[in-house]
Amino acid sequence: MKAIVYHNYGSPDVLKLEEVNTPTPADDEILIKIHAVSVNRSDWEGLTGKPLYARMGGLLKPNYPILGSDIAGRVEMAGSNNRQFQPGDKVFGEMSGYQGGFAEYACATGRILALKPANMTFEVASAIPQAGVIALQGIRDKGQVQPGQKVLINGAGGGAGMFAVQLAKLYGAEVTGVDNTEKLDFMRSLGADHVIDYTREDFTRNGKQHDLILDLVAYRSAFAYQRALKPNGSYFAAGGSVATFVQILLLGPWIRRTTGKNIRLLVVQRNRKDLVAITELCEAGKVVPVIDRQYPLSEVPKALRYLGEGHVKGKVVITLESHNKT
Ligand SMILES: NC(=O)c1ccc[n+]([C@@H]2O[C@H](COP(=O)([O-])OP(=O)(O)OC[C@H]3O[C@@H](n4cnc5c(N)ncnc54)[C@H](OP(=O)(O)O)[C@@H]3O)[C@@H](O)[C@H]2O)c1
């Protein structure tokens, strides 16, 4: 099969389209013919090896040569112990370990995959899993957003941010989106009531305070975040630097005790129930997964460069060969 392969951390230039062996499913796995795979920030992090957590399992070199985690496709073969899916089923979801998706075929246990809704295209289905579940768990579960609350989403113009803005609006919040200059109109189009250009304004220094901050790009100090929270407000970091994560782990409990402000990491629990829940909101038209651009498999490097250069509004999707869209 064809796959986009890399053997060293680096820029998109280290990615090559190669012929590799088609994987064989273990007894508890299924083999999926991939029709679409979306691009996530986690792919960029796995490519560049930054932040440091992206090197878990491969400090000097990547531990697996194929990136790509959010797939949608058709089951080709099921291992003898796999009772969840049958050949021919159309499935979608996140691959474990954020790997294996930039290829024509992939094997997965199917534990966190789900059946693709019949009327949803493979492209749209592939845009939902990782970003949608981060947003759902950040806004609905951890954030417990209530009508009228002030919610700030840092990184609101990207994948998880796109879902988070729409979910926070759905739950009745007043939403501030923070992202780069190019994405201000996009955040407004998602429903953000206020937008901040991070290249011009630091939301932790503008005197405004929020009930909830969902941070997809946490690079500041824990003290800066507590400044931007209302009393009893909550802050959750989903992505960012290891230095900030360590600080949140060490100082979060002390800040909670002394100020009542809740500063924590969001550790996403991947599961089928939440994937189905966010997908049902998409099917109902309450949340719209926005696909900025689509590329063929051979152009994964171009797609990742587009993301790395800061242009993607919402999601970018890789489409494999021509297929019936649903
Ligand atoms: N916590 C967990 O369990 C878990 C699970 C899976 C993934 N993650 C992580 O979650 C993170 C979010 O991913 P995503 O897919 O939403 O990423 P994304 O699509 O790249 O979105 C991030 C957005 O933040 C913007 N941004 C960059 N620097 C910023 C800054 N200083 N201030 C405000 N916005 C800034 C980016 O814009 P530019 O284009 O300007 O860079 C981009 O629009 C990733 O780091 C991923 O690894 C966490």
Side-chain angles (χ1 to χ4, degrees), residues 38-56 67-70 93-99 112 126-139 141-142 152-167 176-187 190 192 195-205 213-220 224-225 228 236-242 244-245 248-249 264-271 274-275 289-293 303-317:
S38 75
V39 178
N40 284 293
R41 173 72 46 177
S42 55
D43 298 313
W44 178 258
E45 294 168 346
L47 170 66
T48 57
K50 296 176 197 153
L52 204 56
Y53 60 70
R55 294 186 183 228
M56 274 197 299
L67 291 162
S69 69
D70 285 7
E94 199 178 346
M95 304 282 293
S96 58
Y98 310 122
Q99 50 195 215
I112 53 173
S126 76
I128 298 173
Q130 188 187 113
V133 172
I134 292 176
L136 193 71
Q137 293 186 7
I139 297 294
D141 302 346
K142 297 292 178 187
L152 182 139
I153 294 151
N154 194 36
M162 163 190 68
F163 286 105
V165 170
Q166 297 183 69
L167 282 172
T176 301
V178 186
D179 215 301
N180 73 36
T181 322
E182 223 181 290
K183 304 184 191 182
L184 302 182
D185 283 342
F186 176 62
M187 292 189 288
L190 297 170
V195 294
I196 293 176
D197 179 348
Y198 77 77
T199 65
R200 290 162 191 251
E201 184 178 334
D202 180 342
F203 75 86
T204 65
R205 292 189 177 278
I213 298 173
L214 176 61
D215 198 349
L216 302 154
V217 272
Y219 287 98
R220 294 184 175 83
Y225 295 128
F236 292 97
S241 74
V242 171
T244 297
F245 287 2
I248 290 171
L249 285 173
R264 293 178 189 268
L265 301 181
L266 172 69
V267 181
V268 173
Q269 310 296 326
R270 298 193 271 181
N271 64 81
D274 284 349
L275 174 60
V290 180
I291 297 175
D292 179 337
R293 286 191 180 178
L304 275 161
R305 191 167 285 116
Y306 185 62
L307 182 130
E309 286 174 354
H311 305 304
V312 180
K313 300 175 189 76
K315 297 280 300 188
V316 160
V317 168

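Both ligands and their constituent atoms are indexed starting at 1 by order of listing. Throughout, residue positions are numbered sequentially from 1 according to the sequence presented.
Just one residue in the list D179, L167, L190 forms a side chain to side chain contact (heavy atoms under 4.5 Å, CB included) with M162, and that residue is L190.
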Taking it one step at a time, do I128 and D70 satisfy side chain to side chain contact (heavy atoms under 4.5 Å, CB included)? CA-CA 8 Å; I128 298 173; D70 285 7; over 6 Å; no
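If you number the atoms of ligand 1 from 1 as listed, the ones under 4.0 Å from a heavy atom of L216 come out as 11 (C), 12 (C). Shown in contact with Y53 at under 4.0 Å from a heavy atom are these atoms of ligand 1, numbered in order with element: 45 (O), 47 (O). Near G310, meaning under 4.0 Å from one of its heavy atoms, ligand 1 places the atoms 38 (P), 39 (O). Close approach of ligand 1 to V267 is summarised as follows: ligand atoms under 4.0 Å from at least one heavy atom of the residue are 3 (O). Of all atoms in ligand 1, numbered sequentially from 1 with element shown, those under 4.0 Å from a heavy atom of L266 are 1 (N), 2 (C), 3 (O). Interface of Y98 with ligand 1, defined as ligand atoms under 4.0 Å from a residue heavy atom, comprises 5 (C), 6 (C). Those atoms of ligand 1 that come under 4.0 Å of a heavy atom in I134, given as number and element, are 6 (C), 7 (C), 8 (N), 10 (O). Near V217, meaning under 4.0 Å from one of its heavy atoms, ligand 1 places the atoms 24 (O), 26 (N), 27 (C), 29 (C), 30 (C), 32 (N), 33 (C), 34 (N), 35 (C).
In this structure, A238 has a heavy atom closer than 4.0 Å to ligand 1.
Summary of contacts: the protein heavy atom closest to atom 19 (O) of ligand 1 is G159 N, 2.7 Å. Among all protein heavy atoms, the one lying closest to atom 16 (O) of ligand 1 is A160 N, 2.9 Å. Annotation: atom 7 (C) of ligand 1 to nearest protein heavy atom, Q130 OE1, 3.3 Å. The single protein non-hydrogen atom nearest to atom 21 (O) of ligand 1 is G158 CA, 3.3 Å, given as residue, atom name and distance. Regarding atom 22 (C) of ligand 1, its nearest protein heavy-atom neighbour is G155 O, 4.1 Å. Among all non-hydrogen protein atoms, the one lying nearest atom 41 (O) of ligand 1 is R41 NH2, 3.5 Å. N154 OD1, 3.0 Å is the protein heavy atom nearest to atom 33 (C) of ligand 1.
Considering backbone and side-chain N/O of G157, none are found under 3.5 Å from N/O of ligand 1. Between E45 and ligand 1, a contact under 3.5 Å exists for at least one N or O pair. Note: no N/O pair closer than 3.5 Å links V312 and ligand 1 by distance alone. The distance criterion of under 3.5 Å between nitrogen or oxygen atoms is met by D179 with respect to ligand 1. Checked against a 3.5 angstrom limit, the closest N/O atoms of N180 and ligand 1 fall inside it. Looking at V268 next to ligand 1, an N or O pair under 3.5 Å apart turns up.
The main-chain N or O of L67 is never found under 3.5 Å from a side-chain atom of D43 such that the two would form a donor-acceptor pair. Looking only at distances, no side-chain donor or acceptor of R270 sits under 3.5 Å from a matching main-chain atom of Q130.
Here CG of D215 is found 8.5 Å from OG1 of T244. Values are rounded to the nearest 0.5 Å.
The minimum heavy-atom distance between A218 and Y225, with the atom names listed, is CA-OH, 3.3 Å. Here the closest heavy-atom approach between residue I112 and residue E94 is recorded as CD1-O, 3.4 Å. Closest of all the heavy-atom pairs between V195 and L184 is CG1-O, 3.8 Å.
Salt bridge present: R220 and D202 bring a charged side-chain N and a carboxylate O closer than 4.0 Å.
The shortest distance between side-chain heavy atoms of V316 and L307 does not fall below 4.5 Å. Between V39 and V312 the shortest side-chain heavy-atom distance does not fall below 4.5 Å.
In this model, a donor atom of one side chain and an acceptor atom of the other lie less than 3.5 Å apart for Y306 and D292. For the 3.5 Å distance criterion, the side chains of N180 and T199 fail to qualify, holding no donor opposite an acceptor.
The nearest non-hydrogen atom to atom 34 (N) of ligand 1, considering only Y198, F163, W44, F186, comes from Y198.
The environment of NZ in K313 is crowded: more than 12 heavy-atom neighbours from other residues, nucleotides or ligands sit within 6.0 Å.
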